[in-house]
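The structure appears below as structure tokens.
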There are 2 protein chains.
Amino acid sequence: MSRTPSVSRRERPAKPALSREAVVAAAAGLVRAHGTEKVTMRRLAQELDTGPASLYVYVRDTAELHSAVLDVFLAEVDLTPVTTTGDWRDRVWRVLESYTGLLYERPGLARAALVTHLSGPHYLALVEGLLALLASGGVPADRAAWAVDILLLVATASAAEQSIRDATPSAPAEDDDLVAAVTRADPAVHPHIAALGADLFSGSGPDRGRWFVDVLLAGATVTPRPPKETS
Amino acid sequence: MSRTPSVSRRERPAKPALSREAVVAAAAGLVRAHGTEKVTMRRLAQELDTGPASLYVYVRDTAELHSAVLDVFLAEVDLTPVTTTGDWRDRVWRVLESYTGLLYERPGLARAALVTHLSGPHYLALVEGLLALLASGGVPADRAAWAVDILLLVATASAAEQSIRDATPSAPAEDDDLVAAVTRADPAVHPHIAALGADLFSGSGPDRGRWFVDVLLAGATVTPRPPKETS
DNA sequence: ACCTGAACACCGTTCAAGT
DNA sequence: ACCTGAACACCGTTCAAGT
């Protein structure tokens, strides 16, 4: 008496067909559920009910996987300020705020973004939007490219850095080595650091960010003149 | 007849006594000889003729080790521009050039610096030097703190990024995903990116860097005025 | 042709047990 | 008290061998 084949074929939920989309989506799910640190080739393979080797058909390596996952999250960046009216600098700021806000909740991704080149569609859309805003503000195209690069870098780094602090509870990270070193700074050796003291870390992320955006955008709109010689 | 104790005690070159300095110095040697990637707890322990567990007496974890090693290399930063005469902006630039040059040859360390907080003595000396220069240029202390942060961030990132390109041979990284994506960009969807094309990556590291330093320092010396309302 | 089990060559960190 | 062998719990990536 043989078992009924049609029933015994499989007991567990259908194993979804693999594809790049499925792999990246599963990885994004892993980030959402357990954080970026848990997104390893092996864990992801387990999640997809296969062996790690199979993933290499769809992603080049772990770095590329991380970059693809980040792009999934970049879909959440609010680009509406690009097509809104209002001061262009404010609109740049709002886009960056949306970008940073996203990364604040996904610190591991911010750190990954710091050491990889992004190239996904949502990243391109973000860059395009910022370039459009800078163009509308009268920033020359070549400077706009540089400015967007740096704006995104600083935004990413601020998210990544915040995540370092957040790993420990205390407000300005009592036990941070840098804070300790600054507090211990000898005024005779490091007068400026000693004078600033904890003010070295002053200013909220947003305050610093807004200041930087204003400075950079102001500088980018100025046609650069060569520094005057000893005349 | 017992073996002569004084001779048989050890056959190999003296195992150097462990200490934080010895551990960090050995790690720096590993970086010099084989690159930052090879500086793992296990390899370092092997180098020091002990087990990995022993290292945890002297360093908290791998991140702290990397940060300590980086500080060793930061000893090479040329801080003489701090006490020289000449345009203060030039002198800031020269210090940053020295810092970046160092990291260009140690890409792994640049990447490490991007994701850790530094706090070593040479890092403090670098920050102190930059703060002194900005102060001499009339930058208010609180803005100077922000500016130095960002200057070092951008310098570090540019070294880390260069290292990503350098990992592959071709000049503007032919096979870079981002370059490919930009080249493929549809002008209808991404007009600004398509218009810029390869110019998105234009400008040498130093050109971009110098431009950025000038913009930031110009902005930092301006007393910020609240953006004028709709008046 | 396509996919993957199993292996290779590693990791960081902890802790019980030694001296 | 100080130090560490050995173990625990993982990694990324490759490739020979299957279907």
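Below, read A as the first sequence line, B as the second, and so on, with proteins coming before strands; counting in each chain starts at 1.
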Round to the nearest Å and state the distance from [X] atom [atom1] to [N] atom [atom2].
X	N	atom1	atom2	value
B/Q46	C/dC11	CD	C1'	13 Å
B/L44	D/dT4	CG	P	13 Å
A/K38	D/dC11	NZ	C1'	12 Å
B/L55	D/dT4	CG	P	9 Å
A/Y56	D/dC15	OH	P	12 Å
A/L48	C/dC3	CG	P	14 Å
B/M41	D/dC11	CE	C1'	16 Å
A/R60	D/dT13	CZ	P	11 Å

On the nucleotide [N], are OP1 or OP2 found under 4.0 Å from the side-chain N or O atoms that [X] carries?
X	N	value
B/T62	C/dC11	no
A/R43	D/dC11	yes
B/S54	D/dC3	no

Closest heavy-atom pair and its distance - [X], [Y]:
X	Y	result
A/V82	A/A132	CG1-CB, 4.3 Å
B/L152	B/L130	CD2-CD1, 3.9 Å
A/A194	A/A185	CB-O, 4.1 Å
B/F73	B/A28	CZ-O, 3.7 Å
A/D177	B/E64	OD2-CG, 4.3 Å
A/S119	A/Y123	N-CD2, 4.1 Å

Distance between [atom1] atoms of [N] and [M] (Å, rounded):
N	M	atom1	value
C/dC2	D/dC15	C1'	14 Å
C/dA9	D/dC10	C1'	14 Å
D/dA6	C/dC11	C1'	16 Å

- Dot-bracket for DNA chain C, 5' to 3', with Watson-Crick and G-U pairs under 3.5 Å, [ ] for crossing pairs and | for other-strand pairs: what is it? ||.|||||...|||||.||
- Query: Of the candidate nucleotides D/dC11, C/dC3, C/dC10, which contains the atom at the shortest distance from the side chain of A/V57?
  - Reply: C/dC3
- Closest of D/dT13, D/dA7, C/dC3 to the B/R42 side chain is D/dA7
- Between B/T50, B/L55, B/V57, which is the residue that forms a side chain to side chain contact (heavy atoms under 4.5 Å, CB included) with B/V23? B/L55
